[in-house]
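Only one structure is covered here, and it is reproduced in the block below.
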Amino acid sequence: MINITFPDGNVRQYEAGVTGLDIAKSISHGLAKKVLSAKVNGEVWDATRPITEDATVQLLTWDDKDGKATFWHSSAHLMAEALEAIYPGVKFGTGPSTDGGFYYDVDPGEHTISSDDFPKIEQKMLELARQKNEYIRKPISIDEAISFYQEKGDEYKLELLEKRKEEGAEITLYEQGDFTDLCRGPHVPDTGYIKAIKITKVAGAYWQGDENRQQMTRVYGITFPKQKELTEYEKMIEEAKQRDHRKLGSELELFMFSDRVGQGLPMWLPKGNQLRDRLMNFLRVEQEKRGYQLVTTPHIGKKDLYVTSGHWEKYGEDSFHPIKTPKEGEEFLLKPMNCPHHCEIFGHRPHSYRDLPLRIAEFGTVYRYEQSGELHGLSRVRGFTQDDAHIFCTQDQLKDEFLNVLDLTKTVLSKMGFEDFTAQISLRDPNKPEKYIGSDENWNNAERAIIEATAEAGMKTTTELGEAAFYGPKLDFMVKDALGRSWQLGTIQVDYNLPDRFELEYIGSDNQAHRPVMIHRAPFGSMERFISILIEHTGGKFPLWLAPEQYTILPISDRFNDYAAEIEQELAKYDIRGTVDDRSEKVGRKIRDAEVKKVPFMLIVGEKEAETGAVSVRKQGDGDVGSMSVAEFAKYFQEHLD
RNA sequence: GCCAGCAUAGCUCAGUUGGCCAGAGCAGCUGAUUUGUAAUCAGCGGGUCGGGGGUUCGAAUCCCUCUGCUGGCUCCA
């Protein structure tokens with residue numbers, strides 16, 4: 001008998017060789033049906049793999065991240081089986097699960113796989129799934145595996161095996177139906193668990209992620225244990241499509257692109273620009289409260305500036321090429337970032353430690369050469385405005401400055417209606433100290449400052465080792481939107497590099513020169529990217545204070561246009577902005593148009609209202625809320641202003 | 001940049017295996033209508049079918065190329 005310890009600490013005894021599935025059966029029949037895999041001593045195993053020694057065991061279901069991963073990984077194998085049946089001779093790269101399904105990289109040989117083929121693949125997968133073929137785990141020697149793939153003629157798998165051979169790793173094959181795959185597992189017990197299947201997209205992907213190597217065809221899919229879950233997934237996708245910021249951006253006339261101006265160069269239309277301005281003003285006020293000083297710097301700078309900063313060497317390829325003065329041939333770069341300019345500002349006169357921390361902020365527009373395939377609506381563009389600031393401070397001030405920035409960022413995000421966010425802390429890779437510049441002492445100090453500050457600010461955090469920049473540790477804000485999607489927004493980065501390169505100094509209380517630390521931070525990240533996320537988060541129904549039009553007055557007929565104009569003037573006194581829809585249309589029509597434009601309040605005025613000096617209020621999405629005086633509406637409005 | 005796909009009126013889309021002057025709805029304009037909580041009616045205008053080149057008696061339709069867009073990959077200071 002062996003002892004099995006459960007996550008809640010309970011210990012039960014089983015025969016040696018018991019499987020996760022057996023254990024589930026011993027608990028309840030319902031659980032047994034749901035178990036996909038089992039975490040045995042921290043490692044995810046097949047639910048059907050025998051456990052021979054004492055172990056801690058956690059049974060994994062669809063509700064566990066690892067359970068889903070098992071399910072989707074098994075689905076990748078199922079898809080591979082289907083692909084092999086449909087496209088004979090197809091070769092396989094790797095086929096893992098992802099956060100939202102799975103993919104398989106394949107070399108289809110002379111075939112091409114396009115979205116037209118998806119129904120065919122889905123059908124085949126369903127057919128194979130219904131056969132309830134077991135996933136059979138087969139540990140074999142590496143040489144056996146190599147000869148298996150030599151016979152099959154799959155050079156990709158052979159390459160993977162060669163690598164494993166060097167590492168001396170153990171090899172397992174998994175077999176289901178007529179398909180065998182090199183895989184360390186684990187898998188669900190049989191293909192019958194997979195009930196609902198959707199092939200979602202097909203795309204190119206480089207073999208081993210190396211752009212110099214063979215381009216594979218990556219087929220993406222998602223599967224579910226129940227049809228209903230697939231239906232819900234499709235609904236969510238549909239909702240995301242409706243909220244797509246590119247679609248809403250043009251429907252609500254917020255921004256546009258023009259081929260003639262150039263790709264990735266957004267132009268803000270009046271309504272979008274108002275939104276952008278309001279966001280910037282809001283941040284200006286919050287920054288002022290926290291001791292920031294605004295500066296403005298030019299859009300270009302001498303190439304030498306970026307040679308000094310090191311950006312030319314590191315990112316020259318990703319910048320627009322230098323522009324030259326016509327006569328002297330002096331080289332200038334469109335600025336790809338604001339920090340070198342800000343370093344110059346700091347260095348333009350001597351500083352005392354009493355000046356620190358010095359917080360220099362700028363809504364700085366920068367230009368970066370992004371590869372054409374990278375561009376995407378407002379979220380990835382070639383010209384954008386950062387809500388940038390650089391804080392120059394002493395080592396001792398780091399933690400307080402972090403707290404200051406955390407407070408600012410939290411204020412900003414909650415004001416925007418983002419309630420769910422985490423701080424992702426990126427630290428050094430302890431095994432690769434050569435990757436980083438700056439002293440150990442400084443790094444330790446900075447990392448400690450970040451960890452302590454986030455703890456003190458009561459933030460949810462995750463920590464990533466090896467994700468730090470070469471010049472310092474950083475913290476990124478990960479935000480969940482209304483559809484549960486995760487985005488990286490603001491960022492805070494400690495920098496030991498630039499102060500060195502620009503030889504920045506301050507005179508300490510000891511009358512000696514010292515090097516300040518620099519913090520880069522941007523709560524929004526960039527206005528463009530932030531607004532794209534805000535649009536999708538709100539579905540275009542912006543918080544009242546941001547709405548380009550807060551109300552629109554809908555006169556019942558032309559006869560009340562004058563009254564409507566009076567109301568408009570009246571409301572302006574309350575700082576409430578809006579328009580009058582004086583077209584000779586029926587109210588039904590005016591309401592519909594206002595609803596589509598997502599105007600928060602519709603004020604309907606006709607005979608009754610004109611007589612009593614009232615407005616009939618309708619709330620976007622909610623409908624009629626009744627009649628009230630203008631003063632009452634102003635009050636009602638204030639209550640809805642966050 | 002790479003792979004795959006797409007590009008027809010301001011927008012959303014039809015356009016059969018290449019074959020008469022390229023269509024619809026919405027939007028726009030003009031007129032009528034004066035309207036009570038999600039689309040009033042009628043008429044009119046609008047497209048070198050993304051640009052260029054080619055194949056063909058004939059191209060929106062087939063081929064090449066450029067531009068842009070979409071989905072991924074790689075990248076992201």
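Below, chains carry the letters A, B, ... as their sequence lines are ordered, and counting in each starts from 1. A quick note: this is a predicted structure, and the numbers were derived from the prediction, not measured.
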Salt bridge flag under 4.0 Å for residues [X] and [Y]:
X        : Y        : value
A:Arg218 : A:Asp105 : yes
A:Lys435 : A:Asp429 : no
A:Glu239 : A:Arg243 : yes
A:Arg380 : A:Glu374 : yes

d([atom1], [X]; [atom2], [N]) in whole Å:
X        : N     : atom1 : atom2 : result
A:Leu333 : B:A77 : CG    : C1'   : 13 Å
A:Gln208 : B:C73 : CD    : C1'   : 14 Å
A:Asp558 : B:U35 : CG    : C1'   : 9 Å
A:Lys241 : B:U12 : NZ    : P     : 13 Å
A:Phe257 : B:U67 : CZ    : C1'   : 16 Å
A:Arg213 : B:C3  : CZ    : C1'   : 16 Å
A:Met216 : B:C3  : CE    : P     : 15 Å
A:Lys201 : B:C73 : NZ    : C1'   : 12 Å

Using the [atom1] atom in both, what is the distance from [N] to [M], to the nearest Å?
N     : M     : atom1 : value
B:G46 : B:G58 : P     : 29 Å
B:A60 : B:C41 : C1'   : 34 Å
B:G15 : B:A77 : C1'   : 49 Å
B:U30 : B:U48 : P     : 23 Å
B:U33 : B:A9  : C1'   : 28 Å
B:U37 : B:C44 : P     : 33 Å
B:A59 : B:G52 : C1'   : 15 Å
B:C29 : B:C21 : P     : 33 Å

Show me the side-chain donor-acceptor pairs of residues 590-600 of chain A shorter than 3.5 Å, one per line, residues at least two apart or across chains.
| from | atom 1 | to | atom 2 | distance (Å) |
| --- | --- | --- | --- | --- |
| A:Lys590 | NZ | A:Pro555 | O | 3.0 |
| A:Lys590 | NZ | A:Asp581 | O | 2.9 |
| A:Lys590 | NZ | A:Arg583 | O | 2.9 |
| A:Asp593 | OD1 | A:Arg589 | NE | 3.4 |
| A:Asp593 | OD2 | A:Arg583 | NH1 | 3.2 |
| A:Asp593 | OD2 | A:Arg583 | NH2 | 2.8 |
| A:Asp593 | OD2 | A:Arg589 | NE | 3.2 |
| A:Glu595 | OE1 | A:Gly621 | N | 3.2 |
| A:Glu595 | OE2 | A:Arg618 | NE | 3.2 |
| A:Glu595 | OE2 | A:Arg618 | NH2 | 3.2 |

Has the side chain of [X] got a donor or acceptor atom sitting under 3.5 Å from an opposite partner on the base of [N]?
X        : N     : result
A:Asp259 : B:U67 : no
A:Tyr369 : B:G1  : no
A:Glu374 : B:C73 : yes
A:Arg380 : B:C75 : yes

* To do: With a 4.0 Å heavy-atom cut-off, tell me which residues in residues 242-254 of chain A come close to RNA chain B, sorted by residue number.
  =>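 Result for residues 242-254 of chain A: A:Arg246, sorted by number.
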
* Those residues of residues 260-272 of chain A lying under 4.0 Å from RNA chain B by at least one heavy atom ->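 Contacts with RNA chain B under 4.0 Å: A:Gln263.
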
* Nucleotide-resolved protein contact map, nucleotides 36-43 of chain B, B/S/- at heavy-atom distance under 4.0 Å -> BBBBB---

Would you say [X] reaches [N]'s phosphate, i.e. side-chain N/O to OP1/OP2 under 4.0 Å?
X        : N     : value
A:Tyr103 : B:G71 : no
A:Arg559 : B:U35 : yes
A:His376 : B:C69 : no

* Look at all strands and tell whether A:Lys314 reaches a base, only sugar-phosphate, or nothing, counting heavy atoms closer than 4.0 Å. => nothing

Pairing check on [N]: which nucleotide meets the Watson-Crick or G-U wobble criteria with it, both distances under 3.5 Å?
N     : value
B:C62 : B:G54
B:G31 : B:C41
B:G5  : B:C69
B:A24 : B:U12

* To do: Would you mind telling me which residue lines up with the more 5' stretch of RNA chain B, A:Leu375 or A:Ser557, judged by nearest nucleotide?
  => A:Ser557

Which pairs with one or both residues in [range] pass salt bridge (charged side-chain N to carboxylate O under 4.0 Å, His left out), sequence neighbours excluded?
range                       : value
residues 600-609 of chain A : A:Arg559-A:Glu607
residues 307-316 of chain A : none
residues 248-273 of chain A : A:Lys247-A:Glu251, A:Lys271-A:Glu549

Would you please name every residue forming a salt bridge (Lys or Arg N to Asp or Glu O under 4.0 Å) with [X], sequence neighbours left out?
X        : value
A:Lys302 : A:Glu330
A:Glu568 : none
A:Glu467 : none

* Would you please indicate if the ring centroids of A:His640 and A:Phe601 are separated by under 6.0 Å? => yes

* Just checking, any donor-acceptor pair under 3.5 angstrom between side chains of A:Asp481 and A:Trp487? -> yes

* May I ask you to check whether over 12 heavy atoms, not counting those of A:Glu503, lie within 6.0 Å of atom CD? =>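 Open.
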
* To do: Inspect the surroundings of CG in A:Asp622 and state if more than 12 heavy atoms from other residues, nucleotides or ligands are less than 6.0 Å away.
  =>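 Yes.
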
* Under the ring pair (Phe, Tyr, Trp, His ring centres under 6.0 Å) rule, collect the residues that match up with A:Tyr233, sequence neighbours excluded. =>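 Once residues adjacent in sequence are excluded, the partners of A:Tyr233 under the ring pair (Phe, Tyr, Trp, His ring centres under 6.0 Å) criterion are A:Phe224.
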
* Should the pair A:Arg213 and A:Tyr206 be classed as cation-pi, given the thresholds of under 6.0 Å to the six-membered ring centre and 45° from the axis? -> no

Name the pairs: protein N/O against N/O of nucleotides 4-11 of chain B, kept only if under 3.5 Å.
none

